Amino acid sequence: MRDIILAIGSFALASALPLPVTSHPWLLKEGKHWQIASSSIEARSLTDATLGGRGDCTPGMVAVAGRMKVDGWGYTDGIDTLQEATCVDWIQRAYPERCERFDREKWLARSGSISTQEMRFCIDRYEYPNQRGAYPWIMVSWTESRALCEREGERLCTEAEWTFACEGEEAVPYPYGYERDAGACVSDRPWRTVDARELSPRDSSRALAEVDRLWQGEASGSRPRCKSPFGVYDLVGNVDEWTTSVVHGERPSILKGGYWGRVRDRCRPSTRAHGEDFSFYQQGFRCCADAPGAPNAPAVSAQK
């Protein structure tokens, strides 16, 4: 068995580890990742029938097609900078900057001449393991995320694919529109100081205790309004998601979407500071695949 239940509720199960008391029923996945157990996981086929959007993609995935706004600048994202100029109400101007409201008319006027790139692909509706009611896996590195997607017969999303699935053809700042809504997605929760030393090794009782203390996420699909123009859920907030860079010569491991804390939690921004084998308490991923009959995913200039 790949899954080991290590702690449930307020008591610990018998184990070789000196287990801590935890607030959540944690599962150790494949000996190194963590996930909260859930008894209300919905079958992908039922979710597809209820929510639609699958198209010709495999069960649990959403079909994405259209034209993505691209700046062609590579590492420097001119579109994100241009979009920030249309913010009319800042919550926090310093990094990690948070905007309460963007002016849609200004954005449409400024972005009308931006070049576009045809996109067509399939993407998981939810964060891995991609089932409504399941909690996302965390403490997963980019390398491990890529391998898990390949095991599913899919691949880790490119940064451009993830961004387009989040913002759509209009390139909205948030998947749900132009005004930040702390209740739409799992975001803007208070910061808790992290002791990174406690998170290693990942399968230790002290790592479990630290992950449990820090956790403020929710099960996939808990926020119906946290939905992109294509019907992809939980892209911002909840947990950071690994993607693959499309910038030539850049390290491939790019995080998108932010997590449950008071961070940017928009479609364009990214975190580019971590290597392929880095894992942390709020990091997960989702998978993508080529659309049936479509050519391989196009190479697009970096979209942060």
Side-chain angles (χ1 to χ4, degrees), residues 53 55 57 61-87 96-97 99 102-124 142 146 149 154-178 227-232 235-236 240-258 264-273 285-291 293-304:
C57 299
M61 304 194 93
V62 174
V64 175
R67 300 198 67 85
M68 177 184 181
K69 295 184 185 299
V70 296
D71 58 31
W73 288 14
Y75 190 93
T76 304
D77 191 347
I79 292 179
D80 190 33
T81 302
L82 189 67
Q83 196 169 67
E84 285 187 357
T86 67
C87 178
E97 62 275 13
C99 179
F102 291 87
D103 188 309
R104 180 173 183 265
E105 296 306 315
K106 286 183 179 179
W107 171 243
L108 293 179
R110 286 172 176 256
S111 64
S113 61
I114 295 175
S115 298
T116 61
Q117 167 74 51
E118 185 68 30
M119 302 287 284
R120 185 180 170 211
F121 57 94
C122 301
I123 187 170
D124 283 351
W142 178 89
R146 183 178 64 171
C149 285
E154 300 165 358
R155 54 178 169 75
L156 197 59
C157 301
T158 69
E159 181 182 3
E161 288 172 330
W162 190 103
T163 300
F164 187 56
C166 183
E167 69 182 18
E169 291 189 304
E170 195 170 304
V172 294
Y174 300 106
Y176 47 81
Y178 287 83
K227 180 177 69 172
S228 81
F230 294 106
V232 185
L235 283 160
V236 302
D240 267 318
E241 298 183 25
W242 286 114
T243 67
T244 298
S245 173
V246 292
V247 178
H248 180 70
E250 182 185 32
R251 77 174 77 185
S253 45
I254 308 298
L255 286 166
K256 293 286 291 185
R264 293 171 291 182
D265 287 348
R266 301 198 311 270
C267 293
R268 281 275 162 172
S270 66
T271 299
R272 320 181 82 83
F285 67 101
R286 75 179 72 212
C287 305
C288 282
D290 294 345
N296 291 336
V300 182
S301 297
Q303 308 305 314
K304 294 184 184 178

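Residue numbers run from 1 in the order of the sequence given. As the structure is a computational prediction, the values presented were derived from the model and not from experiment.
Between C288 and C122 the SG-SG gap reaches or exceeds 2.5 angstrom.
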Under the side chain to side chain contact (heavy atoms under 4.5 Å, CB included) criterion, do C267 and L235 qualify, and how do the steps go? CA-CA 8 Å; C267 293; L235 283 160; over 6 Å; no
Show, in sequence, the C-alpha distance, side-chain angles and deciding distance for M68 and E161, and conclude whether the side chain to side chain contact (heavy atoms under 4.5 Å, CB included) test is met. CA-CA 9 Å; M68 177 184 181; E161 288 172 330; over 6 Å; no
Would you sort out whether Y174 and C99 count as a side chain to side chain contact (heavy atoms under 4.5 Å, CB included), showing the intermediate values? CA-CA 10 Å; Y174 300 106; C99 179; 4.1 Å; yes
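A search for side-chain hydrogen bond (donor to acceptor under 3.5 Å, both in side chains) contacts involving Y178 returns E170, not counting sequence neighbours. When the side-chain contact (heavy atoms from CB on, under 4.5 Å) test is applied to E97, the partners found at least two apart in sequence or on another chain are E84, W90, R93, Y95, R264, R266. Partners of R110 by side-chain contact (heavy atoms from CB on, under 4.5 Å), not counting sequence neighbours, listed by chain and number: L82, A85, T86. Taking A63 as the reference, C57 meet the side-chain contact (heavy atoms from CB on, under 4.5 Å) condition, with sequence neighbours excluded. For D240, the side-chain hydrogen bond (donor to acceptor under 3.5 Å, both in side chains) partners are Q282, not counting sequence neighbours. Shown here are the side-chain contact (heavy atoms from CB on, under 4.5 Å) partners of S111, two or more places apart in sequence or in another chain: K69, W107, I114. Listed by chain and residue number, W162, R286 satisfy the side-chain hydrogen bond (donor to acceptor under 3.5 Å, both in side chains) test with E241 (two or more places apart in sequence, or in another chain).
When every heavy atom of G258 is checked against every heavy atom of D265, the shortest pair comes out as CA-OD1, 3.3 Å. In plain terms, the two heavy atoms of P229 and P175 that are nearest each other are CD-O, 3.4 Å. Among all heavy-atom pairs drawn from V64 and A165, the shortest one is CG2-CB, 4.3 Å. Closest non-hydrogen pair, G168 versus F230, comes out as CA-CE1, 3.6 Å. The heavy-atom pair separating C166 from V236 by the smallest distance is SG-CG1, 4.0 Å.
The CZ atom of R67 lies 6.5 Å from the CD atom of Q117; values are rounded to the nearest 0.5 Å. The NZ atom of K256 lies 13.5 Å from the CH2 atom of W242; values are rounded to the nearest 0.5 Å. R155 CZ to D290 CG: the interatomic distance, rounded to the nearest 0.5 Å, is 4.5 Å. Atoms OG1 and CZ, on T244 and R146 in that order, are 7.5 Å from each other to the nearest 0.5 Å. Here the CZ atom belonging to F164 is positioned 7.5 Å from the CD atom belonging to E118, to the nearest 0.5 angstrom. Distance CG/L156 to OG1/T243: 6.5 Å, rounded to 0.5 Å.
Looking only at atom types and distance, the side chain of R272 has a donor-acceptor partner in the side chain of S270 under 3.5 Å away.
Checked by atom type and distance alone, the side chain of D124 pairs as donor or acceptor with a backbone atom of C287 at under 3.5 Å.
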